[in-house]
> 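The structure that follows is given in the form of structure tokens.
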Amino acid sequence: MLSWRTPTSRAWRGLRGFLSVQVELHERAALLDRPWEEELLHWADDGRKLHGRLVPPPGRSRSTTSSGWCPGMVRNRGASPRTGSGSPA
């Protein structure tokens, strides 16, 4: 006998995955709309260093998405550690 639980649970899992991607995209768009927040101190998911230079004001806890992404990760992706630019010195 075929159970209805398997297709239903598979559908719910797919919907949850879709919605989590939508939340991530919304959080990224919100951060890109507020570029000054990149200056607030935060740890990004790149695991390399602390990003930003300003202490965040009280009540502001995040400059990253819930998964740890920040706009600085995109800008620094091809950067050379010595020069900070994409081309070698």
> Which residues satisfy the side chain to side chain contact (heavy atoms under 4.5 Å, CB included) test with Leu19, sequence neighbours excluded?
Leu15
> Please report the closest heavy-atom contact between Leu40 and Val55, naming both atoms and the distance.
CD2-O, 4.2 Å
> Quick one: CZ on Arg16 to CH2 on Trp12, what's the gap to the nearest 0.5 Å?
9.0 Å
> Locate the shortest heavy-atom distance separating Leu31 from Trp69; write the atom from each residue and the value.
CD1-O, 4.0 Å
> With rounding to the nearest 0.5 angstrom, report the NE2 to CG distance, His42 to Leu54.
11.5 Å
> Quick one: list whatever passes side chain to side chain contact (heavy atoms under 4.5 Å, CB included) with Arg53, sequence neighbours left out.
Glu39
> Could you pull out the closest heavy-atom pair between Cys70 and Ser63, with the gap in Å?
CB-O, 3.9 Å
> Please enumerate all residues that pass side chain to side chain contact (heavy atoms under 4.5 Å, CB included) together with Glu27, with sequence neighbours excluded.
Val23, Glu24, Thr65, Ser66
> For Gly52 and Leu41, which heavy atoms make the closest approach, and how far apart are they?
O-CD2, 3.4 Å
